[in-house]
Amino acid sequence: MPKSRIRKKADYTPPPAKQATAIKLNSRAWVAPVMLAMFLIGLAWIVVFYVTDGSLPIDALDNWNIVVGFGFIAAGFGVSTQWK
């Protein structure tokens with residue numbers, strides 16, 4: 001019986017070493033502190049308004065102080081969309 005041919009495999013060549021490439025990262029370190037600050041300012045605005053029976057933070061705004069507080073909170077949610 002004849003011997004079968006031995007298949008010669010190609011020699012292993014490791015892939016070329018990857019060169020370090022500069023990865024462009026957008027620094028978004030400001031997002032979390034600004035977002036939390038907006039949330040806390042809005043919450044504090046509303047709490048101060050209720051605790052002082054409407055005389056603070058701005059007496060002339062009356063019940064619009066609530067809208068201002070929720071505006072800060074909404075701005076915090078708007079900033080949160082920039083978080084990665």
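Because the structure is predicted, anything quoted here is derived from the model rather than measured.
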Asker: Does Leu40 sit in a hydrophobic cluster with other residues, and if so which ones, taking ILVMFWY side chains as linked at heavy-atom separations under 4.5 Å, directly or through other members?
Answerer: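 Result for Leu40 is none, singleton.
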Asker: State plainly whether one hydrophobic cluster holds both Val47 and Val67, where clusters connect Ile, Leu, Val, Met, Phe, Trp and Tyr through side-chain heavy atoms under 4.5 angstrom apart.
Answerer: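 No; tracing contacts between hydrophobic side chains, which count when under 4.5 Å, never links both residues.
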Asker: Quick check: closest heavy atoms across Trp30 and Pro33, and the distance to 0.1 Å?
Answerer: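 The answer is O-CD, 3.4 Å.
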Asker: Testing the basics here: between Ala75 and Met38, what is the closest heavy-atom pair and its distance to 0.1 Å?
Answerer: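 Closest pair (atom of Ala75, atom of Met38, distance): CB-CE, 3.5 Å.
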Asker: Please name the residue in the list Ile73, Val79, Val34 that meets the side chain to side chain contact (heavy atoms under 4.5 Å, CB included) test with Phe39.
Answerer: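 Checked Ile73, Val79, Val34 against Phe39; only one passes side chain to side chain contact (heavy atoms under 4.5 Å, CB included): Ile73.
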Asker: Output the distance between atom CH2 (Trp45) and atom CG (Leu56), rounded to the nearest 0.5 Å.
Answerer: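 If we round to the nearest 0.5 Å, Trp45:CH2 and Leu56:CG are 10.0 Å apart.
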Asker: Decide whether Leu43 and Ile46 are clustered together by the hydrophobic rule: side chain heavy atoms of Ile, Leu, Val, Met, Phe, Trp, Tyr closer than 4.5 Å, transitively.
Answerer: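 Shared cluster, no.
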Asker: Please enumerate all residues that pass side-chain contact (heavy atoms from CB on, under 4.5 Å) together with Ile41, with sequence neighbours excluded.
Answerer: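 Counting only residues at least two positions away or on another chain, Ile41 forms a side-chain contact (heavy atoms from CB on, under 4.5 Å) with Phe72.
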Asker: Considering the options Asn63, Asp59, Asn65, which one meets the side chain to side chain contact (heavy atoms under 4.5 Å, CB included) requirement together with Leu61?
Answerer: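 Filter result, single survivor: Asn65.
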Asker: Grab the two heavy atoms, one from Met35 and one from Gly76, that are nearest each other, plus how far apart they are.
Answerer: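 Smallest heavy-atom distance, with atoms named: CG-O, 3.4 Å.
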Asker: Phe70: what forms a ring-ring contact (aromatic ring centres under 6.0 Å, His included) with it, not counting sequence neighbours?
Answerer: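 ring-ring contact (aromatic ring centres under 6.0 Å, His included) check on Phe70 returns nothing, list empty.
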